[in-house]
Amino acid sequence: MSLALVTHELSLAHRTPLGHPERVDRVIAVVDGIRGSQAEILDVEAPPVDRSLLELVHDADYIDDIHGFCVAGGGSLDPDTHAVPATWDAAIHAAGAGPTAIDALLRQRADTAFVAVRPPGHHAERHQAMGFCFFNNIAVAAAYLRGFGERIAIVDWDVHHGNGTQHTFYGDPDVLYVSMHEFPFYPGTGWITETGSGIGDGMTVNVALPSGTSSDSYLAAFGRIVLPVLEAFDPDWLLISAGYDAHVDDPLGGLSVSTQAYASMAAHLTTVVPANRTVSFLEGGYDLEAISASARATVEGALGIRAIEPLPDKVEGSAARLVDLAVESLGSHWEVR
C-alpha cells in the first residue's frame, strides 16, 4: 500500500522563539515516523499555492499584510504566533501542499496522502493569523475540491477546535466539518450548539470533551457521533486535520488519547469514502515521540496495515454528559446514537 508524503524543506526555515512548542523538530519527527511505517512512500514536493485559490479562503489584503510583515523581518502577531522572513515562503508552500496531494491521488499515484508541513493551519481565519497558523492549509484543499463540485468531509481530531476551518465553511451545505476537541479550551469556540448557518445548518458537528477524557471514551464518542454522521453525509473526499495534541503524552492538551486510537480512527474513517480519496494534514502535537508514533499509526490505519479494531461502546465519566448533550443537539440533523 502506498502513501504520497507531501513535504517541503522550507517547513524547516519557519523558525519560532526558543522554547516555543510549534518548532522545526515537530515536522522532522512526523516525517521520520511515517518513513518508519510499512507503507510504500511516494515523496511529493509541495509547490507554492496559487494566489487565486488562496483568496478563496483568505482576504487579499490579509495575504498582502502577511507577506509584508514577513518581508519586513517578521515578529509576533500575537503571543502564540511568530514569523521570520522565511515564514512567508514556508506558509505559501504549506498552503499549496493539499491540492498537490489531491492531484497525486487523482492520478492514482498513491492510495492515501499525508501532508507534513508547517506552519499548521486550522486556526487561521479569513483575515487573522492565530494559534501558530497563518494560512488555513486544509481549507485551501477543501476549496480546491469544491471547484470540482465535490462533497467534502473534514474531520478535525486536534485537541483544539479548528475555528478557522469551521468559519470558512459554516454556511456551505457541501462541506461537512466535524471536530472532536477539549472544551473549554483554546480558542474558545466549538460548543455543541455551533451547527452551521443558513443552507449549511447541520454541516458543522462539534464533539466537545472535558479535560481528562480517556482514550476509550474518546473512541466511543467517535463511534457514536462521528462515524454515523459521515456515513449519512456520504462524502466524495475526506480531509483529516491530524493534530496529535489530544495524545496522553502531549504537554499542551488535557485529553488522554492513545497512539493506537489514531490508527483505529484512520482505519474506520477510510471506510466512509471511496478509495484514494483521503488526505491527512499535520496540525498540532508537541511531544516528539508521541507525534512520530501517532503519525505512523495514522498512516498504517488508513492503509489497512493495522487491522480495524472494534470501537468501545461506552463513554464514561464527565465526558458522558457532554456526549449525550451533543447527541441531543444533533438529533434534528443526524441520526446519531
Side-chain angles (χ1 to χ4, degrees), residues 1-6 34 37-42 44 46 53 56 96-116 122 137-157 162 165 168-169 172-180 200 202-205 222-223 225-242 262-283 295 297-311 333-336:
M1 301 295 286
S2 59
L3 168 83
L5 176 59
V6 187
I34 291 172
S37 73
Q38 297 182 46
E40 177 185 343
I41 305 294
L42 169 70
V44 179
L53 180 58
L56 295 178
T100 294
I102 289 164
D103 287 345
L105 297 186
L106 285 171
R107 296 180 185 129
Q108 298 186 338
R109 298 179 66 200
D111 297 300
T112 191
F114 197 109
V115 172
H122 74 152
N137 307 326
I138 199 167
V140 169
Y144 181 64
L145 287 169
R146 289 291 289 117
F148 303 146
E150 302 281 58
R151 284 163 52 85
I152 305 108
I154 300 173
V155 174
D156 189 334
W157 67 45
T165 311
T168 300
F169 301 109
D172 192 327
D174 292 314
V175 179
L176 172 69
Y177 176 69
V178 183
S179 178
M180 298 183 69
M203 293 298 107
T204 294
V205 175
F222 176 83
I225 298 175
V226 177
L227 283 182
V229 169
L230 288 168
E231 289 164 357
F233 181 67
D234 191 25
D236 301 312
W237 283 81
L238 172 68
L239 307 180
I240 302 173
S241 266
Y262 292 110
S264 183
M265 288 191 292
H268 283 278
L269 286 173
T270 56
T271 67
V272 302
V273 286
N276 312 97
R277 293 295 181 267
T278 301
V279 184
S280 301
F281 294 72
L282 176 63
E283 300 284 4
T298 300
V299 167
E300 293 185 341
L303 290 174
I305 294 170
R306 300 194 190 194
I308 296 182
E309 297 180 352
L311 295 170
H333 302 291
W334 305 100
E335 291 187 12
V336 289

Separation between OG1 (Thr271) and CG (Leu238), nearest 0.5 Å, reads 9.5 Å

Heavy-atom closest pair (Glu283 atom, Ser241 atom, distance to 0.1 Å) is OE2-OG, 2.8 Å

Here the salt bridge (Lys or Arg N to Asp or Glu O under 4.0 Å) pairs for residues 142-155, sequence neighbours left out, are Arg146-Asp172, Arg146-Asp174, Arg151-Asp174

Closest non-hydrogen contact found for Pro173 with Phe233 is O-CE1, 3.9 Å

Considering only heavy atoms from C-beta outward, does the side chain of Ile308 approach that of His268 to under 4.5 Å? yes

So CG of Leu269 and CG of Leu227: to nearest 0.5 Å the spacing works out to 6.0 Å

Note to self: Any heavy-atom pair between the side chains of Tyr177 and Thr168 that's under 4.5 Å?
What the structure shows: no

*Test item: Trp334 side-chain N/O and Leu230 main-chain N/O as donor-acceptor pair under 3.5 Å*: no

Scanning both residues in full, the closest heavy-atom pair of Val273 with Pro235 reads CG1-CG, 3.5 Å

Interatomic distance, CG@Leu5 vs CD1@Ile41, rounded to 0.5 Å, equals 6.0 Å

Between Ser37 and Glu300, does any side-chain donor sit less than 3.5 Å from a side-chain acceptor? no

Decide side chain to side chain contact (heavy atoms under 4.5 Å, CB included) for Trp237 and Ile102; before the verdict, give the C-alpha distance in whole Å, the side-chain angles of both, and the deciding distance to 0.1 Å.
CA-CA 9 Å; Trp237 283 81; Ile102 289 164; 3.7 Å; yes

Tightest non-hydrogen contact, residues Leu303 and Ser2, listed as CD2-O, 3.5 Å

Taking every heavy atom of Leu282 against every heavy atom of Ala116, the minimum-distance pair comes out as CB-CA, 4.4 Å

Correct closest heavy-atom pair for Gly202 and Leu176 would be O-CD1, 4.3 Å

Given side chains that start at C-beta, do those of Thr112 and Val299 come closer than 4.5 Å, heavy atoms only?
no

One should read off an interatomic distance between Phe114 CZ and Leu3 CG, to the nearest 0.5 angstrom, of 8.5 Å

Quiz item: Does Asp103 reach the side chain of Val44, with side-chain heavy atoms less than 4.5 Å apart?
Solution: no

Review point. Under a 4.5 Å cut-off applied to non-hydrogen side-chain atoms, are Arg277 and Leu106 in contact?
Key: yes

Under a 4.5 Å cut-off applied to non-hydrogen side-chain atoms, are Phe169 and Ile152 in contact? no

Check: His122 side chain to Ala242 main-chain N or O, any donor-acceptor pair under 3.5 Å?
Finding: no

dist Gln38:CD -> Met1:CE (nearest 0.5 Å) comes out at 12.5 Å

Sub-4.5 Å side-chain heavy-atom contact between Leu56 and Tyr144
no

One should read off an interatomic distance between Ile154 CD1 and Thr204 OG1, to the nearest 0.5 angstrom, of 9.5 Å

